[in-house]
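Just so it is clear, the values below take in all heavy atoms, side chains as well, and ignore hydrogens, waters and symmetry mates. Predicted model, so just to flag it, every value in this text is computed and none were measured.
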Amino acid sequence: MQDCQGKLMTSNANEKCEAFRICICEESGEQSQKTEKEENMADKKLVEAITAMEDDFAQWYTDVVKKAELLDYTSIKGCMVFKPAGYAIWELIQRQMDDRFKATGVENVYLPMFIPESLLNKEKDHVEGFAPEVAWVTHGGLQPLQERLCVRPTSETLFCDYYKNAVQSYRDLPQICNQWCSVVRWEKETRPFLRSREFLWQEGHTAHATAEEAEERTIQMLNVYADFCEEVLAIPVIKGRKTDKEKFAGATATYTIEALMHDGKALQSGTSHNFGDGFAKAFGIQFTDKDNTLKYVHQTSWGTTTRLIGAVIMVHGDNSGLVLPPRIAPTQIMVIPIQQKKEGVLDKAYELKERLGAFRVKVDDTDKSPGWKFSEQEMRGIPIRVEIGPKDIEAGKCVICRRDTREKIEVSLDEIETKAGEILDLMQKEMLEHAREHREEHTYEAKDMETFRKLFAEKSGFVKAMWCGEQACEDQIKEEMAVTSRCMPFEQEQIGETCVCCGKPAKKMVYWGRAY
RNA sequence: CGAAGCGUGGCUCAGUUUGGUAGAGCGCUGCGUUCGGGACGCAGAGGUCGCAGGUUCAAAUCCUGUCGCUUCGACCA
């Protein structure tokens with residue numbers, strides 16, 4: 001402890017102070033009052049490393065992204081380097097989501113990244129929605145192009161162009177395709193993972209013989225997303241339908257999953273659209289049905305993006321950095337040897353790694369101090385670490401420390417595989433529970449405008465309130481307090497009889513919030 | 001697109017007001033001592049100061065222009 005005090009004074013590597021403080025509280029409760037002075041200093045110095053989320057959530061977010069080495073900026077605004085730690089998370093998301101897609105009959109395809117302007121222009125609402133943010137290719141080599149090409153902001157038009165030829169008969173339906181790719185939207189303001197000019201995503205596009213079948217697929221994929229978020233990302237979501245004001249350009253209905261971040265702001269985490277036959281009519285996608293009549297197909301599209309990584313950061317992270325749910329943690333277990341130069345310590349660490357081979361496990365055998373390695377593991381969000389040193393080896397045990405609770409658990413070396421598995425499972429489960437508790441605590445109800453205003457002035461979170469269905473009320477609420485309707489949830493509650501804004505008879509209960 | 005801030009070794013920044021031999025800490029390399037919550041010593045390497053003009057005997061510093069990044073708003077995944 002004296003040692004650390006000394007370090008506090010002389011070092012400007014700061015996170016250790018926070019870590020030290022927490023360690024004291026854990027190991028011996030009665031010592032907590034003696035360190036008030038140290039705590040002040042620790043709090044002050046910590047700010048330089050990872051900004052406390054209570055002080056400045058946006059800065060905390062950026063700090064975590066940098067400290068966990070997920071991304072790097074490049075010389076182009078809004079275009080990021082996904083570093084190994086960041087890309088590995090995306091790969092795990094991709095793999096697990098893709099498995100769930102395939103289980104519902106989805107096939108993967110790949111379409112070009114360029115869209116001729118004339119093709120983009122075919123569906124009026126669609127082009128109006130995206131025109132302000134498309135990037136254009138005007139030259140091929142040194143020659144100007146006859147027709148400029150848009151870099152896809154989304155691929156509805158390309159899929160339509162493809163389906164137009166691929167679909168002739170009812171026997172060619174349904175078409176259930178998905179592609180993993182990147183798209184470009186020239187955003188003014190960019191933020192790592194949440195809003196970049198080029199981003200990675202998947203976009204599913206389907207064509208069906210009937211409206212019912214299209215609607216069924218739209219909802220089915222929304223459910224896939226919701227289950228994925230909860231089971232894999234440990235993020236609880238609200239499933240619902242977007243109002244007309246918020247729906248996708250060109251869609252007849254947009255469904256969404258909405259998640260609540262730690263700072264109480266909402267994040268649209270995935271959308272599923274039903275296009276009806278609007279695109280089919282604009283693009284002429286017709287088929288001959290069993291009754292020998294020509295019909296238009298009914299289409300859907302659905303997408304999720306690397307924004308999900310931003311959601312994970314903002315739902316689970318804390319002031320020591322990233323906290324990853326085990327299922328998407330590129331490294332689930334970090335084995336940290338103590339006094340690794342002592343005979344047999346490293347060998348034991350490698351042996352543990354072998355035995356934990358069922359998990360994604362690494363040994364930190366760098367020559368950094370153990371304290372450094374602990375902080376590093378925490379900033380990177382690695383779910384559990386295994387501390388192993390001479391004392392442990394002698395006692396035939398090791399210490400497992402959980403990232404989310406920082407609980408230290410002594411485990412006999414004989415049962416490390418089972419224990420590690422149990423702890424990871426428990427952590428995955430409890431992270432979802434904690435996120436759900438947080439959302440419940442930050443979900444409010446308003447029956448009248450006064451309460452509604454007060455809630456958004458004083459609290460941060462979702463507010464459930466009734467709505468008449470008129471866009472005028474949405475506009476007024478947005479104008480007045482920068483709050484938007486997040487969705488009309490599938491699970492409706494009758495909070496009141498009248499619209500929170502205008503007082504006319506209410507049609508739907510709506511989740512309102514400030515969004516990312 | 002509006003507002004603010006910032007461009008100086010890999011990183012964070014000082015130096016710019018008042019022009020005069022490019023600095024610090026961290027990181028990096030080597031050797032040694034350490035190791036249960038960001039250890040320490042010694043020795044090293046590394047920068048045409050965002051870019052382009054201009055003023056001057058002399059520019060990181062003054063002038064003009066330009067490019068870029070970050071944050072906050074409006075718009076959007």
Side-chain angles (χ1 to χ4, degrees), chain A residues 1 3-4 6-8 10-27 42 45-46 48-49 56 58-59 61-62 66-67 72-79 129-134 153-154 183-203 242 246 248-249 254 256-258 266-271 273 302-311 320 336-342 345 366-379 385 387-392 398-399 401 406 408 410 478-479 482 484 515-516:
Chain A
M1 255 170 270
D3 189 30
C4 184
K7 286 168 202 162
L8 277 174
T10 58
S11 168
N12 59 354
N14 308 302
E15 301 90 323
K16 64 185 166 190
C17 304
E18 168 71 359
F20 172 65
R21 199 180 52 187
I22 284 159
C23 176
I24 285 179
C25 298
E26 265 177 16
E27 286 177 355
K45 294 205 131 197
L46 178 70
E48 295 170 27
D56 182 348
Q59 190 59 49
Y61 177 80
T62 309
K66 276 192 265 183
K67 282 284 183 179
D72 254 356
Y73 294 108
T74 69
S75 50
I76 303 171
K77 178 186 171 75
C79 294
F130 283 100
E133 53 189 19
V134 293
T154 178
V183 290
V184 170
R185 297 182 190 176
W186 215 253
E187 300 288 350
K188 302 286 197 300
E189 192 211 338
T190 61
R191 297 207 53 197
F193 293 119
L194 301 175
R195 179 158 296 111
S196 47
R197 285 182 174 171
E198 181 185 10
F199 56 92
L200 301 173
W201 80 342
Q202 58 70 215
E203 49 178 328
K242 286 286 189 189
E246 300 288 332
F248 181 83
T254 290
T256 178
I257 49 172
E258 298 285 327
L267 188 77
Q268 178 177 306
S269 306
T271 47
H273 314 288
W302 21 276
T304 54
T305 77
T306 36
R307 169 175 258 207
L308 288 174
I309 299 174
S320 295
I336 299 183
I338 313 287
Q339 295 196 46
Q340 62 187 32
K341 283 190 183 167
K342 290 254 169 74
V345 173
T366 63
D367 56 6
K368 297 286 188 191
S369 70
W372 178 284
K373 294 177 183 179
F374 295 167
S375 298
E376 199 69 18
Q377 169 253 333
E378 288 176 0
M379 284 191 295
R385 70 164 177 263
E387 301 174 20
I388 180 84
K391 288 186 223 162
D392 300 305
C398 64
V399 175
C401 182
R406 277 208 176 83
K408 288 193 174 186
E410 287 203 350
K478 185 170 182 183
E479 173 76 17
T484 52
Y516 270 97

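Taking atom P in both B:A45 and B:A4, one finds a spacing of 45 Å when rounded to whole Å. Nucleotides B:C76 and B:U18 have their P atoms positioned 48 Å apart, rounded to a whole Å. To the nearest whole angstrom, the two C1' atoms, one in B:G36 and one in B:C42, are 28 Å apart. Rounded to whole Å, the separation between the C1' atoms of B:U64 and B:U48 comes to 22 Å. On the P atoms, B:C35 is 22 Å away from B:G30, given to the nearest whole Å. Comparing the same atom, C1', in B:G23 and in B:G5 gives a spacing of 24 Å after rounding to whole Å. Distance check on atom C1': B:A14 versus B:C49 gives 13 Å, rounded to whole Å. Spacing of P atoms, B:A3 relative to B:G19, comes out at 32 Å, to the nearest Å.
Electrostatic pairing of A:Glu133 and A:Lys188 does not count as a salt bridge here, judged by no charged N lying under 4.0 Å from a carboxylate O.
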CA sep, side-chain torsions, deciding dist, call: A:Glu246, A:Thr254, side chain to side chain contact (heavy atoms under 4.5 Å, CB included): CA-CA 8 Å; A:Glu246 300 288 332; A:Thr254 290; over 6 Å; no
Chi angles and distances behind the side chain to side chain contact (heavy atoms under 4.5 Å, CB included) call for A:Glu376, A:Thr366: CA-CA 12 Å; A:Glu376 199 69 18; A:Thr366 63; over 6 Å; no
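Atom CD1 of A:Ile388 and atom CD1 of A:Ile336 lie 12.0 Å apart (nearest 0.5 Å). In this structure, NE2 on A:His273 lies 11.5 Å from CH2 on A:Trp302, to the nearest 0.5 angstrom. Note that OG of A:Ser369 and CD of A:Gln339 are 12.5 Å apart. Values are rounded to the nearest 0.5 Å. The line from OG1 of A:Thr190 to CZ of A:Arg197 is 6.5 Å long, rounded to the nearest 0.5 Å.
At least one side-chain heavy atom of A:Thr154 sits under 4.5 Å from a side-chain heavy atom of A:Arg185. Within the 4.5 Å cutoff, the side chain of A:Arg406 has heavy atoms near those of the A:Ser320 side chain.
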Dot-bracket encoding of pairs in RNA chain B, which uses [ ] for pseudoknotted crossings and | for another strand, Watson-Crick or G-U under 3.5 angstrom: ((((((((.[[[[.)....(..]]]].((((((.....)))))).....[[[[[..)....]]]]])))))))....
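Between the C1' atom of B:U70 and the OH atom of A:Tyr61 lies a distance of 15 Å, rounded to the nearest Å. One can place NZ of A:Lys66 at 14 Å from C1' of B:G10, the figure rounded to the nearest angstrom. Following rounding to the nearest Å, A:Arg385 (CZ) and B:G37 (C1') show an atom-to-atom distance of 7 Å. For the pair A:Met379 CE and B:G37 P, the interatomic distance rounds to 16 Å; values are reported in whole Å.
Each of A:Glu410, A:Lys408, A:Lys373 was compared with A:Glu387 under the side chain to side chain contact (heavy atoms under 4.5 Å, CB included) criterion, and only A:Lys408 meets it.
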Please tabulate the protein-to-nucleotide N/O contacts below 3.5 Å involving nucleotides 41-43 of chain B, giving atom names and distances.
none

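Contact detail for A:Thr304 and A:Trp201: the closest heavy-atom pair is O-CB, 3.1 Å.
Remark: A:Glu258 engages A:Lys242, A:Arg486 in a salt bridge (Lys or Arg N to Asp or Glu O under 4.0 Å) (not counting sequence neighbours). In this view, A:Arg191 and A:Ala58, A:Tyr61, A:Thr62, A:Glu189, A:Leu194, A:Tyr516 satisfy the side chain to side chain contact (heavy atoms under 4.5 Å, CB included) rule, not counting sequence neighbours.
Within the 4.0 angstrom heavy-atom criterion, no nucleotide atom of any strand lies near A:Val183.
A cation-pi arrangement is absent between A:Arg307 and A:Phe199, since the terminal nitrogen or guanidinium carbon is not both under 6.0 Å from the aromatic centre and inside a 45° cone about the axis.
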Nucleotides 30-35 of chain B: protein proximity per nucleotide (B base, S sugar-phosphate only, - neither; heavy atom, under 4.0 Å): ----BB
Base versus backbone protein contacts along nucleotides 72-77 of chain B [heavy-atom cut-off under 4.0 Å; B, S, -]: S-BSBB
